[in-house]
S.K.: 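Take a look at this one; I'll ask things after.
Numbers here simply count residues along the sequence, with the first being 1.
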Amino acid sequence: MGKIYMVGSQKGGVGKTTTTLNLAYFLQKMGKKVLAVDFDSQANLTACLGIVNTGELENTIGHLMMAEMEDAKLPAPKRYIRTKEGIDFIPASIYLSVVDAKLRLEMGAEKMLSGILEPLREKYDYILIDTCPSLGTLTINALAAADDVIITVNPQLLAMMGMQDFLKTVMKIKRRINPKLEIAGILLTMCDTRTKLCKVLTEQVEDCFQGQVRIFETRIPNTVKVGESIYYSMPVGQYSLKSSASIAYWKFTKELIADEG
Ligand SMILES: Nc1ncnc2c1ncn2[C@@H]1O[C@H](COP(=O)(O)OP(=O)(O)O)[C@@H](O)[C@H]1O
Ligand SMILES: [Mg+2]
C-alpha cells in the first residue's frame, strides 16, 4: 500500500512545487511507483510537467473533486492520470478554485481528496500532493488525505511567520479528522549557505523546532539551475544531474525514506 505525502506550507515561494517534482523524480529513479497530484489552482506542478495551457483540460484534480462532491462516479484512472518521465501525475487547473469556493459551502467535505486517492494507494508506492499556500479547505482536504506532511521552509522568507498556525492546523486535523497524520519533517529550501543571514535564519528554525519536529539534515541549496530546469519543464535531476540542488534532492529522497525499511 502506497504512502501519501503532502508537501505543504502556509507560504508561497518556499519550494513546495520544486520539492514535489524532484522528490517524485528521484523516487521513480529508485524504482518506486510514484503519483504526483497537483492540488494548487495555479497549476505550477502541471506546468513543470509540461502542460502549460491548463484552461481547457478535462479530468483535472478539480474535476475529480467536483465529481466526488456530487457523489458522481469517477472516470477510470487511465483517463485522468498522465505520465511524464516515468512520473504519473494528476494535473490541476484554475477550475480547482471553483472547487475551493464550493467546498466552503459544503458540510463534512474534508475527505473528498482522500476519497479520490485511497483507491489509488494500491497502485503506487508513493503519492505526493503539492498544495497551495493557504490554510483553507483545499489544504484541509490534503491534510485529511495524507499520512505524512513535509513542510518546506525558505529561511529567507521570514521562515517562522505563520509556522505555528500551520502546525496548529496539522494537529487539529490529526485530532478531528485524520488520526494517522504525522509530520515527516521540515525541509529547508533555497539555502544560501555562504550568507550569514541564511545561517542565522536556519539556526532560528532549529532552535524553535529542535526536539519538537524533525528537521531534515539535507538542505536544498539556492541555485539558478532550479529556475532553468523549470523553464525547460524538467526536474533538476534530469536537467543537471550534477548540480548542487540535484544532489541535495537525491540525498533528501534517501533521507526521507531511510526509516521506512
Ligand atoms: N533550490 C532553489 N534554488 C533556486 N530557486 C529555487 C529553488 N527552489 C525553488 N526555486 C524557485 O523559487 C520559486 C518558488 O518555488 P516553488 O517550488 O514554486 O515554491 P512554492 O510551490 O512553495 O510556491 C520558483 O520560481 C522556483 O524556480
Ligand atoms: Mg507551488
Side-chain angles (χ1 to χ4, degrees), residues 2 4-14 16-17 19-21 24 35-82 84 87-121 123-124 127-147 149-150 152 162 165-166 169-170 172-174 176-178 181:
I4 304 182
Y5 281 105
M6 162 184 166
V7 183
S9 152
Q10 75 290 358
K11 285 208 182 77
V14 294
K16 289 184 294 299
T17 300
T19 299
T20 309
L21 177 67
L35 175 70
V37 181
D38 191 348
F39 206 52
D40 182 350
S41 61
Q42 293 192 21
N44 289 344
L45 182 67
T46 303
C48 289
L49 286 161
I51 307 178
V52 186
N53 292 321
T54 54
E56 312 274 287
L57 278 186
E58 283 176 20
N59 290 334
T60 66
I61 193 68
H63 296 83
L64 299 179
M65 288 286 289
M66 203 55 106
E68 186 75 14
M69 262 191 279
E70 287 168 358
D71 292 322
K73 195 168 179 294
L74 297 184
K78 66 173 188 310
R79 302 231 0 244
Y80 59 82
I81 295 176
R82 291 151 191 267
K84 172 104 191 281
I87 304 167
D88 281 7
F89 70 102
I90 306 178
S93 72
I94 192 71
Y95 188 57
L96 193 56
S97 58
V98 178
V99 171
D100 188 15
K102 193 166 155 60
L103 272 174
R104 272 178 240 172
L105 304 173
E106 297 261 331
M107 271 189 306
E110 297 92 358
K111 297 279 245 178
M112 298 295 114
L113 182 63
S114 176
I116 296 165
L117 298 184
E118 275 310 313
L120 297 173
R121 265 192 207 260
K123 291 181 195 289
Y124 292 97
I127 298 177
L128 312 178
I129 312 169
D130 182 25
T131 55
C132 57
S134 89
L135 294 179
T137 53
L138 290 176
T139 300
I140 291 169
N141 257 269
L143 288 168
D147 299 311
V149 190
I150 299 164
T152 56
D165 290 337
F166 186 75
T169 304
V170 174
K172 215 186 263 179
I173 301 297
K174 182 177 168 70
R176 295 186 189 170
I177 302 172
N178 180 8
L181 183 64

S.K.: Within the structure provided, determine whether S41 and V99 are in side-chain contact (heavy-atom separation under 4.5 Å).
M.R.: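 No, side chains not in contact.
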S.K.: Please give me the minimum heavy-atom distance between I140 and L135, naming the atom from each residue.
M.R.: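 Looking at all heavy atoms of both residues, the shortest contact is CD1-O, 4.1 Å.
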S.K.: Is the closest side-chain heavy-atom distance between K102 and L105 below 4.5 Å?
M.R.: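 With C-beta onward as the side chain, the pair stays apart.
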S.K.: Sort out for me which residue in M66, E58, M65 forms a side-chain contact (heavy atoms from CB on, under 4.5 Å) with Y95.
M.R.: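 Only one of M66, E58, M65 forms a side-chain contact (heavy atoms from CB on, under 4.5 Å) with Y95, namely M66.
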S.K.: Quick one: closest heavy-atom pair of M112 and N141, and the distance?
M.R.: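 Of all heavy-atom pairs spanning M112 and N141, the closest is N-OD1, 3.0 Å.
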S.K.: Side chains of T17 and D130: donor-acceptor distance under 3.5 Å anywhere?
M.R.: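 Yes, side-chain donor-acceptor contact under 3.5 Å.
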S.K.: Are the side chains of T169 and T139 in touch, meaning some heavy atoms are under 4.5 Å apart?
M.R.: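 In short, these two side chains do not touch, never coming nearer than 4.5 Å.
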S.K.: Report the residue from I81, I51, V37 that forms a side-chain contact (heavy atoms from CB on, under 4.5 Å) with F89.
M.R.: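 Among I81, I51, V37, the one that satisfies the side-chain contact (heavy atoms from CB on, under 4.5 Å) with F89 is I51.
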S.K.: Rounded to the nearest 0.5 Å, how far does CG of L117 lie from CD of E68?
M.R.: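 So the CD of E68 and the CG of L117 are separated by 9.5 Å.
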S.K.: Going by heavy atoms in the side chains, are Y5 and D147 under 4.5 Å from each other?
M.R.: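 A side-chain contact is absent here, since even the closest heavy-atom pair is not under 4.5 Å.
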S.K.: Mind listing the closest non-hydrogen atom pair of T131 and K16 along with its distance?
M.R.: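 Residues T131 and K16, closest heavy atoms: O-CE, 3.2 Å.
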S.K.: Counting C-beta onward and ignoring hydrogens, is there a side-chain heavy-atom pair between L96 and T60 closer than 4.5 Å?
M.R.: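 They are not in contact (no side-chain heavy atoms under 4.5 Å apart), so the answer is no.
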S.K.: With a 3.5 Å distance limit and no angle check, can you tell me whether D38 reaches the backbone of I61 through a side-chain donor-acceptor pair?
M.R.: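 No; zero donor-acceptor contacts below 3.5 Å.
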S.K.: Testing the basics here: between C48 and L21, what is the closest heavy-atom pair and its distance to 0.1 Å?
M.R.: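 It is CB-CD2, 3.8 Å.
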S.K.: Do the side chains of T46 and S93 get nearer than 4.5 Å, heavy atoms only?
M.R.: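 The answer is no; the side chains never approach within 4.5 Å.
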S.K.: Looking only at heavy atoms, which two atoms of P133 and G12 are closest? And how far apart?
M.R.: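 That closest heavy-atom pairing would be CB-N, 3.3 Å.
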S.K.: Return the CG to CG distance between L113 and L143, rounded to the nearest 0.5 Å.
M.R.: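 Atom-to-atom, L113:CG and L143:CG are 10.5 Å apart.
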S.K.: Do the non-hydrogen side-chain atoms of D165 and Q10 ever get within less than 4.5 Å of each other?
M.R.: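 A side-chain contact under 4.5 Å is absent here.
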S.K.: Ignoring hydrogens and angles, state whether a donor on the side chain of D88 or Y124 is under 3.5 Å from an acceptor on the partner side chain.
M.R.: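 Side chains of D88 and Y124: pair found under 3.5 Å.
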S.K.: Side chains of I94 and T54, heavy atoms from C-beta outward: is any pair under 4.5 Å?
M.R.: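 I94 vs T54: side chains apart.
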S.K.: Verify, without hydrogens or angle tests, whether N178 (side chain) and A146 (backbone) share a donor-acceptor contact under 3.5 angstrom.
M.R.: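 Answer holds: yes.
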S.K.: Restricting to non-hydrogen atoms, name the atom on A24 and the atom on L128 that form the minimum distance, rounded to 0.1 Å.
M.R.: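 Scanning both residues completely, I find the closest heavy atoms to be N-CD1, 3.5 Å.
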